Undergrad: 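Take a look at the following structure, please.
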Amino acid sequence: MENLEIILARRPDGRLSPDHFEARAAAVPEPGPGEVLLRTLYLSIDPANRAWMSPVPTYVAPVKPGDVMAGFALGQVVRSNDPSFRAGDIVEGATGWRRFAVTAARNLRKRRMFDPPTALLSVLGITGKTAWFGMAEIGRPRNGETVLVSAAAGAVGSIAGQIAKGMGAKVIGIAGGAAKCRHVVQDLGFDAAIDYKAESVGEGLKRLGIKSVDVYFDNVGGEMLEAVLFRMANFGRIVCCGNVSQYDTATPAPGPRGVPGLLVVKRLRMEGFIVLDYESRYDEAEADLARMIAEGRLTYREDIGEGLASAPAMLVRVLAGGNTGKAMVRVE
Ligand SMILES: NC(=O)c1ccc[n+]([C@@H]2O[C@H](COP(=O)([O-])OP(=O)(O)OC[C@H]3O[C@@H](n4cnc5c(N)ncnc54)[C@H](OP(=O)(O)O)[C@@H]3O)[C@@H](O)[C@H]2O)c1
């Protein structure tokens, strides 16, 4: 058995490229007491991976040049020195961009096999649960309200919009390009879509006859957030899920105009969250998402790259909007 690791070779100073990484052969590590050796099956490719490369701490420690790239993965236990896991168990955890990883057992979570297993990283993984908690706990759309979702053809956005539809809302997606907009409406069942590359969000809302937005599920931040702020309904809610428009740059834009003025005048609630805060309720979200899939009320798409070495190019592609649905890499 040989290990392979993807190292952050240097910090990006602006746009990320695959050249910022290096692949390195390494020995398969030995698990110590309370640790588990696992092989990575699928590696999750997340826009946040780019944010973790910045020297500014986020909710995880910054990845430094020379470090194995941080990342979330689905793996299978090879050897366990902890009684809570045994060889063959399917587990998830932040085990990094490596073929074999040793991790403290307390940092892993056991998963029940699902068909297909990739769903454990997509709709039943971090992204599906992010959509579930963000919409159900923070956005809380009521029957007949208008919900707007950015990055709507992406992993989180595609699920968030369908959850809002299930709650009785009118759901509009924002996505880049005609093909993604068609997918959002025809395959995911959103009521309409705005191609922000062909028209501004304001123009799109006007074309659709939408005067105001009750819930904005914001995956993007930046100018798009500013445009939507001006079109929020009184007592509207903005779910601050992510800021992908500002991750892949050395000079993020300042915050939007309208904060705090519009928050006051329109009595808006703008709330950020990290899905990890809801870890004690993951089982509940996964059970509900699985039920929705089984009943044909939730559809999902996955964008799967082949081989660990393809992870850097896949992340670059996601940041440029090349993916539809949940991006991941098949490692084993
Ligand atoms: N809060 C949490 O706990 C949590 C957990 C997971 C993810 N997130 C956040 O959720 C968001 C979506 O993540 P995801 O994994 O589902 O990724 P994703 O939506 O599958 O992929 C990112 C998408 O963002 C869009 N995008 C990129 N640059 C953009 C720009 N400048 N303006 C508008 N859209 C842009 C692209 O789609 P287009 O082609 O449509 O532009 C791209 O496909 C991210 O902000 C992520 O950080 C938050």
Side-chain angles (χ1 to χ4, degrees), residues 15-16 43-54 58-60 71-72 94 121-123 125-135 137-139 148-163 172-184 188 190 193-201 204 216-228 238-249 252-253 256 271-279 281-282 285 300-305 314-329:
R15 281 201 169 248
L16 184 70
L43 176 66
S44 180
I45 302 293
D46 298 291
N49 295 152
R50 173 66 182 84
W52 304 341
M53 294 172 202
S54 150
T58 58
Y59 55 97
V60 299
F72 197 82
L121 265 196
S122 63
V123 61
I126 289 289
T127 46
K129 289 182 292 244
T130 299
W132 197 89
F133 287 110
M135 195 56 87
E137 295 292 326
I138 300 174
L148 185 64
V149 180
S150 52
V156 174
S158 58
I159 307 298
Q162 293 180 80
I163 290 170
I172 315 298
I174 306 171
K180 283 194 179 186
C181 286
R182 257 196 316 279
H183 167 62
V184 161
L188 305 179
F190 286 38
I194 296 170
D195 174 2
Y196 74 94
K197 292 185 174 163
E199 61 183 347
S200 72
V201 172
Y216 177 42
F217 194 103
D218 182 21
N219 287 314
V220 167
E223 282 171 19
M224 206 176 272
L225 170 59
E226 179 169 305
V228 179
I238 299 176
V239 184
C240 295
C241 177
N243 195 21
V244 66
S245 71
Q246 306 301 314
Y247 295 161
D248 201 16
T249 170
E271 184 174 341
F273 75 107
I274 295 292
V275 68
L276 304 175
D277 300 339
Y278 293 94
E279 201 173 343
R281 292 179 56 200
Y282 278 3
Y300 61 98
R301 193 178 276 192
E302 295 165 340
D303 199 328
I304 306 175
M314 191 72 169
L315 178 56
V316 169
R317 197 159 80 80
V318 167
L319 293 165
N323 67 305
T324 298
K326 172 67 193 147
M328 65 181 91
V329 159

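Keep in mind that what you see is a predicted model, and the values were worked out from it rather than measured. Along the sequence shown, the residues carry numbers beginning at 1. Both counts, for ligands and for their atoms, begin at 1 and track the order of listing. Atom set for the values below is all heavy atoms of this structure, side chains included, hydrogens, waters and symmetry mates excluded.
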Undergrad: Any N/O of Gly157 closer than 3.5 Å to an N/O of ligand 1?
TA: no

Undergrad: For Ala175, counting its heavy atoms only, list the atoms of ligand 1 lying under 4.0 Å from any of them.
TA: 40 (O)

Undergrad: Counting heavy atoms only, name the option from Leu276, Val220, Asp248 that's nearest to atom 32 (N) of ligand 1.
TA: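 Minimum heavy-atom distance to atom 32 (N) of ligand 1 goes to Val220.
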
Undergrad: At less than 4.0 angstrom from any non-hydrogen atom of Gly242, what atoms of ligand 1 do you find?
TA: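 In order of numbering, the contacting atoms are 9 (C), 45 (O).
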
Undergrad: What protein heavy atom is closest to atom 29 (C) of ligand 1, reported as residue, atom name and distance in Å?
TA: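 Residue, atom and distance for the closest contact: Tyr196 OH, 4.0 Å.
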
Undergrad: Using modelled atom types only, decide if a donor and an acceptor are shared between the side chain of Lys197 and the backbone of Ala175 within a distance under 3.5 Å.
TA: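 Checked: no pair found.
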
Undergrad: Is there at least one pair of N or O atoms, one from Lys326 and one from ligand 1, spaced under 3.5 Å apart?
TA: no

Undergrad: Between Gly176, Ala152, Gly321, which one has a non-hydrogen atom sitting closest to atom 40 (O) of ligand 1?
TA: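 Comparing heavy atoms across Gly176, Ala152, Gly321, the nearest one to atom 40 (O) of ligand 1 lies in Gly176.
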
Undergrad: Picking from Val149, Asp46, Thr127, Val275, what satisfies side-chain contact (heavy atoms from CB on, under 4.5 Å) with Val156?
TA: Thr127

Undergrad: Which atoms of ligand 1 sit under 4.0 Å from any heavy atom of Val275?
TA: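 Numbered from 1, ligand 1 contributes 2 (C), 3 (O).
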
Undergrad: How long is the span from the CG atom in Asp248 to the OG atom in Ser54, to the nearest 0.5 Å?
TA: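 Between atom CG of Asp248 and atom OG of Ser54 there are 12.0 Å.
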
Undergrad: Got more than 12 heavy atoms from elsewhere within 6.0 Å of CZ, Arg15?
TA: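 No, the 6.0 Å shell around CZ holds no more than 12 heavy atoms from other groups.
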
Undergrad: Among all protein heavy atoms in this structure, tell me which lies nearest to atom 4 (C) of ligand 1, with the distance rounded to 0.1 Å.
TA: Thr130 CG2, 3.5 Å

Undergrad: Looking only at protein heavy atoms, which one is nearest to atom 46 (C) of ligand 1, and what is the separation?
TA: Tyr247 OH, 3.9 Å

Undergrad: Measure the spacing between CG of Leu225 and OG of Ser150 and express it to the nearest 0.5 Å.
TA: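 Here the interatomic distance stands at 8.5 Å.
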
Undergrad: Please examine the side chains of Trp52 and Tyr59, heavy atoms only from C-beta on, and report whether any two atoms are closer than 4.5 Å.
TA: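 Yes, side chains in contact.
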
Undergrad: Quick one: list whatever passes salt bridge (Lys or Arg N to Asp or Glu O under 4.0 Å) with Asp195, sequence neighbours left out.
TA: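 Result, salt bridge (Lys or Arg N to Asp or Glu O under 4.0 Å) vs Asp195: none returned.
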
Undergrad: Quick one: does Ser44's side chain get under 4.5 Å of Lys326's, heavy atoms only?
TA: yes

Undergrad: Considering only non-hydrogen protein atoms, determine which one is nearest to atom 9 (C) of ligand 1 and report residue, atom name and distance to 0.1 Å.
TA: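 Checking every protein heavy atom, the shortest distance to atom 9 (C) of ligand 1 gives Cys241 O, 3.7 Å.
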
Undergrad: Identify the closest protein heavy atom to atom 43 (O) of ligand 1: which residue and atom is it, and at what distance?
TA: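 Closest protein heavy atom to atom 43 (O) of ligand 1: Asn323 OD1, 2.6 Å.
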
Undergrad: Strictly under 4.0 Å, does any heavy atom of Ala153 approach an atom of ligand 1?
TA: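 Ala153 does not count as a contact of ligand 1 under the 4.0 Å cut-off.
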
Undergrad: Which atom names give the shortest non-hydrogen contact between Tyr282 and Leu276, and what distance separates them?
TA: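 Tyr282 and Leu276 have their closest heavy atoms at OH-CA, 3.5 Å.
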
Undergrad: Donor-acceptor check, side chain of Arg301 to backbone of Thr324, threshold 3.5 angstrom: yes or no?
TA: no

Undergrad: Examine the proximity of ligand 1 to Val318 and report which part, side chain or backbone, both or neither, has a heavy atom under 4.0 Å away.
TA: both

Undergrad: How many angstroms lie between atom OG1 of Thr130 and atom CG of Asn219, to the nearest 0.5 angstrom?
TA: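 Spacing of OG1 (Thr130) from CG (Asn219) equals 9.0 Å.
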
Undergrad: In ligand 1, which numbered atoms sit nearer than 4.0 Å to a non-hydrogen atom of Asn243?
TA: 45 (O)

Undergrad: Counting from 1, what ligand 1 atoms have a heavy atom of Met224 closer than 4.0 Å?
TA: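 Listed by number with element, the hits are 33 (C).
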
Undergrad: Can you check which of Ile159, Asn219, Asp46 brings a heavy atom nearest to atom 10 (O) of ligand 1?
TA: Asn219

Undergrad: Among Ser44, Gly154, Pro47, Ala51, which one puts a heavy atom closest to atom 22 (C) of ligand 1?
TA: Pro47

Undergrad: Can you pull out the closest protein heavy atom to atom 39 (O) of ligand 1? Residue, atom name and distance to 0.1 Å, please.
TA: Lys180 NZ, 2.7 Å

Undergrad: Do Arg317 and Ile45 come close enough that some side-chain heavy atom pair is under 4.5 Å?
TA: no

Undergrad: For Asp303, is the nearest heavy atom under 4.0 Å from an atom of ligand 1?
TA: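 Heavy atoms of Asp303 never come under 4.0 Å of ligand 1.
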
Undergrad: Looking at atom 26 (N) of ligand 1, what's its closest protein heavy atom, distance included?
TA: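 Nearest neighbour among protein heavy atoms for atom 26 (N) of ligand 1, to 0.1 Å: Val244 CG1, 3.8 Å.
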
Undergrad: With respect to Ile45, determine whether any N or O atom, backbone or side chain, lies less than 3.5 Å from an N or O atom of ligand 1.
TA: no

Undergrad: Counting each atom of ligand 1 from 1 as listed, which ones have a heavy atom of Gly325 under 4.0 Å away?
TA: 20 (O)

Undergrad: Is the Tyr278 ring parallel, tilted or perpendicular to the Phe273 ring (thresholds 30°, 60°)?
TA: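 The arrangement is perpendicular - the two ring planes meet at more than 60°.
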
Undergrad: Considering heavy atoms of the protein only, find what lies nearest to atom 28 (N) of ligand 1 and give residue, atom and distance to 0.1 Å.
TA: Leu319 O, 3.7 Å

Undergrad: Considering only heavy atoms from C-beta outward, does the side chain of Leu16 approach that of Leu315 to under 4.5 Å?
TA: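 A side-chain contact exists here, since the closest heavy-atom pair is under 4.5 Å.
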
Undergrad: Any nitrogen or oxygen of Ser245, side chain or backbone, less than 3.5 Å from one on ligand 1?
TA: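 No, since none of the N or O atoms of Ser245 sits under 3.5 Å from an N or O of ligand 1.
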
Undergrad: Taking only residues two or more places apart in sequence or in another chain, which ones pass side-chain contact (heavy atoms from CB on, under 4.5 Å) with Glu223?
TA: none

Undergrad: If the cut-off is 4.0 Å to any non-hydrogen atom of Thr127, which atoms of ligand 1 fall inside it?
TA: 15 (O)

